[in-house]
Structures are given as C-alpha cells and as structure tokens.
Number of protein chains: 2
Amino acid sequence: MNSPVVRRTVPSVKIASEDGLEAVDPELSKHEQVKVHLVAALAKMQVGDKLPPERELAEQFGVSRMTLRQAIAGLARLGYVSRAPGAGTFVAQPIVSKSSELTGFSEDMAARGFTASSRLLVFEYVSADAAASRELMLSVGEMLVHIERVRVADGLPMCLERIDLPARYVPGLTGDDLNFSLYDVLATRYGIKLLRAEQSISASVVTEDQATLLGVPTRSSALIIERLGFDQKHRPVERARSIYRGDRYDLRNTVHRDAG
Amino acid sequence: MNSPVVRRTVPSVKIASEDGLEAVDPELSKHEQVKVHLVAALAKMQVGDKLPPERELAEQFGVSRMTLRQAIAGLARLGYVSRAPGAGTFVAQPIVSKSSELTGFSEDMAARGFTASSRLLVFEYVSADAAASRELMLSVGEMLVHIERVRVADGLPMCLERIDLPARYVPGLTGDDLNFSLYDVLATRYGIKLLRAEQSISASVVTEDQATLLGVPTRSSALIIERLGFDQKHRPVERARSIYRGDRYDLRNTVHRDAG
DNA sequence: CATCCAAATTGGTCTAGACCAATCTAAGGG
DNA sequence: CCCTTAGATTGGTCTAGACCAATTTGGATG
C-alpha cells in the first residue's frame with residue numbers, strides 16, 4: 001500500500017547551477033552554500049516532490065556526498081525536507097512557523113506579516129536582586145538595565161515585555177535604541193549574538209493594569225513566556241518576561257523524537 | 001578575560017571503557033552506542049567540566065573521528081554538552097525539561113516525577129468531519145476513534161485530552177487500552193511510532209464544564225496544546241487537543257539560532 | 001610582573017571512497 | 001490480473017585521512 005504522503009517523482013531535475021557552486025558568499029562554508037542553493041530550488045518545487053538522489057546532487061554541486069548530506073541534514077532539521085531510507089528525499093510541508101528558532105519580537109512579527117513597533121514604558125538602571133543575579137551570573141547588586149515596553153504589531157498592542165540586561169554588557173544604551181529590535185542593537189553595536197535561550201511557557205490571566213496596556217478586558221487569557229538568553233560565548237545576557245494577549249497570539253512548532 | 005562559564009579542566013579523563021565499544025546493544029549504530037557511553041560518562045562529571053578532545057575520544061572508543069563527532073553533535077543538539085572551536089567540549093547545564101522532544105503525557109509526567117493515570121470519559125467511533133479528514137489525510141466520512149479523557153498526575157487532574165485516531169490504523173483498540181500511555185499501545189501493538197508532531201500552543205480560560213472536570217474555578221487560565229502527530233512513515237496518525245490547567249503546568253524548552 | 005607573539009591544541013569542514021538496510025521497480029509465474 | 005522475487009536505487013553509516021580557524025598556552029621580551 002502506498003503512503004498517503006504525496007510523492008511526485010520528477011525525473012532528472014537540475015537543481016544545481018551550471019557547474020559547481022557559484023559562491024553565494026565566499027564567507028560561508030560549502031555546506032552552508034549548498035543549503036542556500038537547495039532552499040532556492042525547493043521554493044520552485046511542490047510539496048511531495050522527490051529531490052534528486054544525494055549522489056547526483058553532490059556531483060551537480062561539485063562537493064562530496066558527506067558535505068551534501070550535512071546540508072540536507074540541516075534542511076531536514078528545519079523541516080524543509082523529509083528523508084526516507086531506500087526511498088528518497090522529499091519536499092516537506094512548509095513549516096507554519098519556526099517558533100523553535102530563537103527570534104525576537106520584531107522578527108517573529110515580520111515572519112507573520114506584521115510590522116512591529118514599540119512603546120517604551122520604563123528605561124532605568126537598577127541593581128540586581130537575588131533571582132536576577134543568579135540567572136544572569138552576576139554579583140548581587142550589580143547594575144542592570146531594566147526595560148519595560150508594549151510591543152505593537154500593525155498598531156495592535158500584542159505583548160508586554162520586561163527585560164533585564166547586565167549594564168556592563170551594553171554601555172551607553174539609551175531608551176532611543178529600543179524603538180525597534182533589541183536583538184539588532186545587541187548584535188551590531190555590542191557584538192552580542194543571542195544564539196540560545198531557555199524558555200518557560202505558561203498561561204495566566206491579565207491583571208487590570210496589564211489589561212489596560214493591552215487593550216483587553218480584565219481577566220482575559222494571556223500567554224507568558226519567560227526567557228533567559230545566552231550569547232555566542234554562552235554568557236547569559238538577557239532575562240525577559242513577555243505577556244502576550246491570548247486572543248491574538250499562539251506559538252507553533254514542530255517537535256521530534258529520536259528513536260523508538 | 002575569562003568567560004563567566006565555569007570550565008574545569010580535568011586532565012586525561014578516561015571516558016571509554018577498557019578498549020573500544022563493549023556493545024550496549026548490537027542493534028544500535030556505532031554513533032548511537034558512543035552516545036550511550038558518553039551520556040553515562042557525563043552523569044559522573046560536573047557542569048563546566050571539559051571533555052577529552054575529539055581525537056582522543058575517538059581513539060578510546062575505537063571509532064573514527066567523524067563517527068565520534070556524529071555522537072557529540074547529537075548530544076549538543078539535546079543540550080548535554082556545548083562546544084567551542086579552539087577551546088573544547090564542555091558539560092552543559094542540565095536541561096530542565098525536554099519539551100522540545102515529542103513526549104506523551106505519561107512520559108512528560110514521569111520526567112517531572114509524577115505518576116500519570118487517566119480517567120476515560122468518552123471512547124467512540126465517529127466519522128471524520130472536514131477538518132479532521134484534511135489534517136489526518138483521510139476521505140471525509142472515514143471512521144475515527146474519538147477519545148476524551150482526564151489526565152491525572154499524582155491524583156491531581158492536570159489536563160483534558162481529546163484525541164482522534166484513524167480507525168483503520170488501530171483495529172481492535174478498546175477503552176481498556178487507554179488507562180495509561182497511548183503511545184506505548186500504538187508502538188507495541190500497532191508498530192506505530194510517533195516521531196514528529198506539529199504543535200500550536202495558546203492560552204485560554206476554562207469553561208464551566210472544563211473547570212468542573214479539572215477541579216478549578218471557572219475562568220481559570222489554561223494552556224491549550226493542539227497537536228498533529230506523524231509516525232515513522234510520515235503519516236499523520238494522531239490529532240490531539242489538550243487543555244492543561246494554567247496554575248500547575250508550564251512548558252520548558254531551549255531554542256536556538258543557527259548563525260548571525 | 002605584565003605584555004605580546006608563536007606554537008600547540010581543538011573543534012569545524014571536507015574528501016573519496018566503502019558497505020549496509022530499507023525501499024522501489026520490473027520481470028516472471030501463477 | 002495479482003503476487004512473488006531478484007536486482008537496482010537510495011539514504012544511513014563508517015573510515016582514514018587532510019586542512020582551516022579559533023582559542024589556549026607558554027615562552028620571550030620589555
């Protein structure tokens with residue numbers, strides 16, 4: 001019996017460009033470049049289409065099969081393709097949302113087709129309390145930048161955000177920097193790239209104050225995301241608590257299991 | 001300046017057993033066996049400890065460096081270790097909860113130290129409506145097993161669960177099979193392994209009926225998880241909607257970002 | 001004692017092969 | 001026409017090397 005998954009076999013597809021890799025960006029490693037080319041090729045294909053076999057693709061791109069497999073493994077992890085031993089590699093259902101990727105509010109909203117903006121409520125320097133200093137690995141009393149803002153998507157208040165950053169990581173940060181993406185500012189001005197975060201997701205109901213700021217009735221549902229973000233040196237650099245309105249926001253992701 | 005991450009250097013650690021791999025399970029591939037040995041070794045180490053270099057470990061286990069790296073890559077993805085080019089591989093902070101792994105309620109509760117049980121409310125055969133047939137890739141009107149149950153952790157009602165399964169995948173399933181883990185029954189009796197699921201997580205408040213079943217006040221907060229589960233053949237086999245009480249449950253996970 | 005630089009260390013990438021197991025395909029046989 | 005079966009296809013695994021770039025280390029220098 002056939003699997004219900006659609007599997008179109010497109011004979012002799014030409015995925016790679018003329019010959020080998022025309023460098024997308026010489027900075028990128030080969031398997032990253034192959035990935036870029038493959039994503040572009042996938043965009044022109046339909047869900048269920050079969051990709052050329054690995055050996056063939058490797059030859060087309062002018063890389064070894066191991067390198068090609070590294071590229072495809074990355075795409076499989078992101079859900080672009082699915083592989084079946086003995087059968088082939090197939091274009092997968094496009095991922096609805098990549099909430100298993102670490103993104104800031106701005107990116108998140110851009111991915112959903114909204115324009116993100118921000119209304120700053122609080123910008124101040126405070127000394128770290130016990131919880132903050134423990135999570136951010138600071139001495140108690142060390143200075144923090146404390147930020148509170150309303151995040152807005154296409155004019156609609158979407159979430160309340162409270163952020164703590166160790167002050168010594170972001171010297172000279174001002175309220176004006178916070179009208180848009182904090183992650184952009186951290187990366188471009190301070191060289192801090194947030195690569196990993198530990199999150200806790202829970203449900204709650206909003207208080208009167210929160211309801212007013214979000215423009216929803218008191219005791220409406222809310223999704224609470226508490227996040228501790230780590231940079232490229234594995235230092236904890238961001239402690240955030242976001243309260244999303246429950247009627248307009250959800251998280252989507254794909255979870256996996258390794259073996260039986 | 002040192003990174004605030006603790007890095008103990010333990011000189012000349014012996015990770016592998018006497019010589020090579022004493023097969024944990026001859027069914028497992030080499031890199032899976034290496035992974036098992038490494039996890040065991042990590043349990044005896046402290047957070048921040050440095051692992052022996054890859055070349056040394058590969059020799060100890062009697063595998064090639066590429067195979068050893070495949071094992072370590074798996075551990076890094078699960079958050080067991082973190083790697084830094086030029087520096088080494090280090091034992092990472094243990095993951096609080098692996099909610100980015102696909103687990104059933106029973107496993108989830110076991111991981112949190114609770115004993116899971118179940119109270120069956122509904123077990124019936126129904127014909128698929130438009131939404132169900134679309135998501136489960138069935139013809140409209142095809143038969144479904146429809147299950148509703150209260151999931152209980154250590155005697156406390158924790159969540160309400162509604163599950164639809166295509167009837168033809170689970171012939172002979174009865175209500176008695178559902179007192180504990182559905183995933184176990186699917187795997188052992190029907191050979192169906194759920195390997196991937198697409199989830200949507202949102203917040204809501206409970207209705208009166210739901211409040212009664214969960215033993216919480218009306219309009220309490222609730223976390224709603226809607227899930228479509230796929231098996232090893234990439235067939236959609238489970239459609240579930242779970243309503244967790246917001247006061248006793250949260251999700252924890254780690255999210256990553258690939259490059260800058 | 002502090003600083004700077006060269007060398008060793010270490011993870012990241014890449015290659016060109018090889019074999020295996022699952023799957024698909026096509027040829028025959030009933 | 002359906003079923004079985006043998007061969008080809010395909011992804012999964014594994015090896016033994018090689019080079020690179022980031023980091024660490026240790027020694028030379030001031």
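The sequence lines fix the lettering, A, B, ..., with proteins before strands; numbering per chain opens at 1. Note: hydrogens, waters and symmetry copies are ignored here, and every other heavy atom, side chains too, is used.
The CZ-P distance, from A:Arg83 to C:dT23, rounds to 15 Å in whole Å. The CD-P distance, from B:Glu54 to C:dT10, rounds to 10 Å in whole Å. The separation between B:Phe90 atom CZ and C:dT9 atom C1' is 12 Å, rounded to whole Å. In this structure, the CD atom of B:Glu56 is 14 Å from the C1' atom of C:dG11, given to the nearest Å. Distance, A:Ile72 CD1 to D:dT13 P: 14 Å, rounded to whole Å.
Within the 4.5 Å cutoff, the side chain of B:Gln60 has heavy atoms near those of the B:Glu56 side chain. Using a 4.5 Å heavy-atom cutoff, the side chains of A:Tyr183 and A:Leu102 are in contact. Within the 4.5 Å cutoff, side-chain heavy atoms of A:Leu165 are placed close to those of A:Ile147.
Side chains of A:Ser29 and A:Glu32: no donor on one and acceptor on the other come within 3.5 Å.
Under the side chain to side chain donor-acceptor pair (under 3.5 Å) criterion, B:Arg241 pairs with B:Glu226, not counting sequence neighbours.
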### Task
Start with the C-alpha distance between B:Ser127 and B:Met143, add both sets of side-chain angles, then the distance that settles side chain to side chain contact (heavy atoms under 4.5 Å, CB included), and finish with yes or no.
CA-CA 4 Å; B:Ser127 59; B:Met143 294 310 287; 4.2 Å; yes

### Task
Let me see the working for A:Lys193 and A:Asp231 under side chain to side chain contact (heavy atoms under 4.5 Å, CB included), right down to the final yes or no.
CA-CA 5 Å; A:Lys193 295 177 192 169; A:Asp231 73 355; 5.8 Å; no

### Message
Evaluate A:Gln46 against A:Val91 for side chain to side chain contact (heavy atoms under 4.5 Å, CB included), listing each step before the verdict.
### Response
CA-CA 7 Å; A:Gln46 305 232 332; A:Val91 181; over 6 Å; no

#### Entry: B/S/- contact track for nucleotides 14-19 of chain D, protein heavy atom under 4.0 Å
BBB-BB

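At the phosphate of D:dG11, neither OP1 nor OP2 sits under 4.0 Å from any side-chain N or O atom of A:Arg69.
Computed from C1' positions of five pairs at each end, the angle between the two local axes of the helix from C:dC1-D:dG30 to C:dG30-D:dC1 equals 10°, rounded to 10 degrees.
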